[in-house]
2 protein chains.
Amino acid sequence: MAVMQREYGRRTLLRQIRHAGRIPRIELSDLTGISRATVTTITAELLSHGLIEEVQRDEAGPDSRRGRPRVDLKIRGAAHLVAGVKVSHHKLSLVLLDFEGEQLAAEECDLPAPVNAPEVLAEAIRDAVSHLATVAGRRADEVSGVGIGIAGIVEATDGFVHWSPSLSTRNVDFGALLTRTLGTPCFIDNDANLVAVAEQTFGLGREHKDFLVVTIESGVGLGMVIGGALYRGTRGCGAEFGHTKVQLNGALCRCGQRGCLEAYVADYALLREATLVSGLSAEGDAGTRVETLLNAARTGDATARSILDRAGQIFAMGLANLVNIFDPELIILAGEQMQLDHLYADAVIDAMRKSIVQVDKAPPEVVVHKWGDLMWARGAAAYALEQVSELALDRLDKDAA
Amino acid sequence: MAVMQREYGRRTLLRQIRHAGRIPRIELSDLTGISRATVTTITAELLSHGLIEEVQRDEAGPDSRRGRPRVDLKIRGAAHLVAGVKVSHHKLSLVLLDFEGEQLAAEECDLPAPVNAPEVLAEAIRDAVSHLATVAGRRADEVSGVGIGIAGIVEATDGFVHWSPSLSTRNVDFGALLTRTLGTPCFIDNDANLVAVAEQTFGLGREHKDFLVVTIESGVGLGMVIGGALYRGTRGCGAEFGHTKVQLNGALCRCGQRGCLEAYVADYALLREATLVSGLSAEGDAGTRVETLLNAARTGDATARSILDRAGQIFAMGLANLVNIFDPELIILAGEQMQLDHLYADAVIDAMRKSIVQVDKAPPEVVVHKWGDLMWARGAAAYALEQVSELALDRLDKDAA
DNA sequence: TCATTTTAATTTGAATGTCAAATTAAATAA
DNA sequence: TTATTTAATTTGACATTCAAATTAAAATGA
């Protein structure tokens, strides 16, 4: 138990240093309540193990004071290398980060098929990570951990994939398979969860303990950070925001049920209506067809406008329900597709504001954060970073004992 | 920091003892990972301060083994007295518990009006608590803390009431007012939250870390326990489940918005439809009119059945949304009114099961827990118990330092 | 230029705490 | 009665934290 205390101190300080970026010991002491003496002891230990490093303060200017200058500590980038992989329909998106979170390389590569056997996908990921390392002038075996984000129902704690649209088989112990195939620890989670981790680590959620991330791709996802920790639910299928019901006996959804939010706001839902009502061609790929619909709306086509407007209203209603249930500080709308601008419209956010329970306090902040597949990959990498840190600290704990 | 460790141990052990009811030291050591030596030290301290006591094991029978017998520890009921108060429309419901959670007395008393000035309500609560103590053969000043559950928007951490249907004034520092008026620490929270605390302390949630409690009175409430702790949201108005939207531009709700769940399942919503469509009298009190409606449905009145069926379907949809977002282990439906049986019907639960995302694992358990206002009061008392324990431990921490 | 002042970081030594191992306590079994 | 078994306590070693003292490294001022 005495040793537990030290373990706690190590974790607290390393997390604080990571969060701050650069921070002197004295501030660490103030922020964590750990005494200066102990901060000195623990940081010395972290330094000697190469997890952190000292950097000279570049306080060239007004904030230079007298007295012994503070010496900043930061995560030592060279300590570890991690990769993040986002599995999409047709491709893999990858990033390589150093231990500090600095991006060393980024790549995309095609998959043989949208749905693959677990072994095939694992090998594709292995090769892609290997290539990624080479591009950055590193060897694949230098990578300390790989985070993988995949759509579907994932038990993150043990890396078990109950189901994924990217895999041909259900109930795969995919985390273990990946770890075996790549020869380095692999950590897998639902992709929406990883966007939440990315926002918490690198993005807009850094200063918040409770926030929600709503992701919009072809489906609608949700990641929840509650009390500073990602909440994953108990069956690994929490946060199925896209399949919350917004209409009794409503529109048919991909999932087979009726009235799902997704069945009103996803691209296929828009196209279904457009094809039915207006003369929009049923041919061509989804992306260009949605583009056509959006252009029609912009140029004043009433039918197109009506279709998009309803999608926006339904989306606002879904968001309002999240606020009514969670009362979060912040909601981040994350997605890349410009074609989803109608969901980010001010009118939508306003509609949401009008549908939440009114109190004297300000409603939660809603921000739009546009990013592409590479940012999803960064989320996966952030998760790997977290896990690799934990492994490194475990090793340190053992060394000390 | 060294002392922090002991503080942690004290809290962990006291909580464990409370949770277990009766438990020998050796099991405490196994369960908490704290060594036997330390368990001995800390429990000796708790014993000497009168917070716990030893009881002889009544293992009259097969489980008697050789060796020195285990000695059970339990919370010492006589250590403290707490009261719990639930504020309803026309009355107060109160319970008096000892520190062990044993009920010593219970009462109900009328309020001067459904809506009262804060001072008036505070004095009514003071008098009621005082009377309650007298009934139990105790003095009011023996009560170490009082928990109060009230409908509305409450900032539990500082006892601030933004708004409550039971108070004539908005933005009242009601917790402080109560503490001043009663002369003993008072703790106030939203009533639905306190039902969740009651379930966690005394009820069906005792073995679960993540569960939801849906309360049905005239409105619909929600309490969330996430990671073993009550989640309250950031503006003190989390969990407004009754005002989640289930229909775009739907029925008008008491809150002024449209499409709220409450506007379909609350008693006033049922009556609105019944009065409109069938010949149900608009006269009389809500309770008896709902009773009439229910009887009509039971005797085969198609209109009445249709009204209740839709309420059930909408309610199922709301529940399914909770499951889709939270993926909890357990959902407890708590309410007393028999008139709400149609919401508890198997058909409703089945409809919910069909509307959640299907995975290989079993859907969350849904249980119905019927209880009356006194159980709400027990929730308030459980909250007081938690807070009084904390105060007692704080004192112990200081004594030791 | 060099002593003084100021602030940061480290070292020191006392106090606190945890825990494994040894011991004591209290029962049953032989 | 004695041996055995199991629970609880005591003991002594070791780990850890922290306040206070000390050292380090800068700016300021004479």
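Predicted model only: the values in this text are computed from it and were never measured. Here is how names work: the chains are called A, B, and so on, in the same order as the sequence lines, proteins then strands, and each is numbered from 1.
Looking at D397(A) and R11(A), a side-chain N of the basic residue comes within less than 4.0 Å of a carboxylate O on the acidic one, giving a salt bridge. One finds no salt bridge joining E155(B) and R232(B) here, because no Lys/Arg side-chain nitrogen approaches an Asp/Glu carboxylate oxygen to under 4.0 Å.
Checked by distance alone, R68(A) brings no side-chain donor or acceptor within 3.5 Å of a matching partner on the base of dA26(D). The base of dT28(D) does not come close enough to the side chain of R66(A) for any donor and acceptor atom to sit less than 3.5 Å apart.
Taking atom CZ on R70(A) and atom P on dA25(D), their separation rounds to 17 Å, with Å as the unit. In this structure, CG of L13(A) is placed 13 Å from P of dA9(C), rounded to the nearest angstrom. Rounding to whole angstrom units, CD1 of residue I26(B) and C1' of dT24(C) are separated by 15 Å. The nearest whole Å value for the distance from the CD atom in E27(A) to the P atom in dT7(C) is 15 Å. Rounded to whole Å, the distance from CZ on R11(B) to P on dG17(C) is 13 Å. One atom, CD1 of I42(A), and another, P of dA9(C), lie 15 Å apart when rounded to the nearest Å. Between the CD atom of E54(A) and the C1' atom of dA25(D) there is a distance of 13 Å, given to the nearest Å. Nucleotide dT7(C) holds its P atom 18 Å from the CG atom of D72(A), rounded to whole Å.
Taking side-chain N and O atoms only, R25(B) has a distance below 4.0 Å to OP1 or OP2 of dT9(D). Side-chain N/O atoms of R6(A) include one lying less than 4.0 angstrom from OP1 or OP2 on dT17(D). Look at T38(B) and you'll find a side-chain N or O under 4.0 angstrom from OP1 or OP2 of dC19(C).
When each of G67(A) and T41(A) is assigned the nucleotide of DNA chain D with its nearest heavy atom, T41(A) is the one assigned upstream, toward the 5' end.
The side chain of P69(B) lies closest to dA27(C), out of dA27(C), dA8(C), dA9(C). Listed nucleotides: dT10(D), dA9(C), dA26(D). Nearest to the side chain of R36(A): dA9(C).
The shortest side-chain heavy-atom distance between Q200(B) and H19(B) does not fall under the 4.5 Å cut-off. Residues L13(A) and I52(A) are not in side-chain contact: their nearest non-hydrogen atoms beyond the backbone lie 4.5 Å or more apart. Side-chain contact between T41(A) and R6(A) is present, with at least one heavy-atom pair separated by less than 4.5 Å.
Across all strands shown, V71(B) has heavy atoms under 4.0 Å from sugar-phosphate atoms exclusively, and none from any base.
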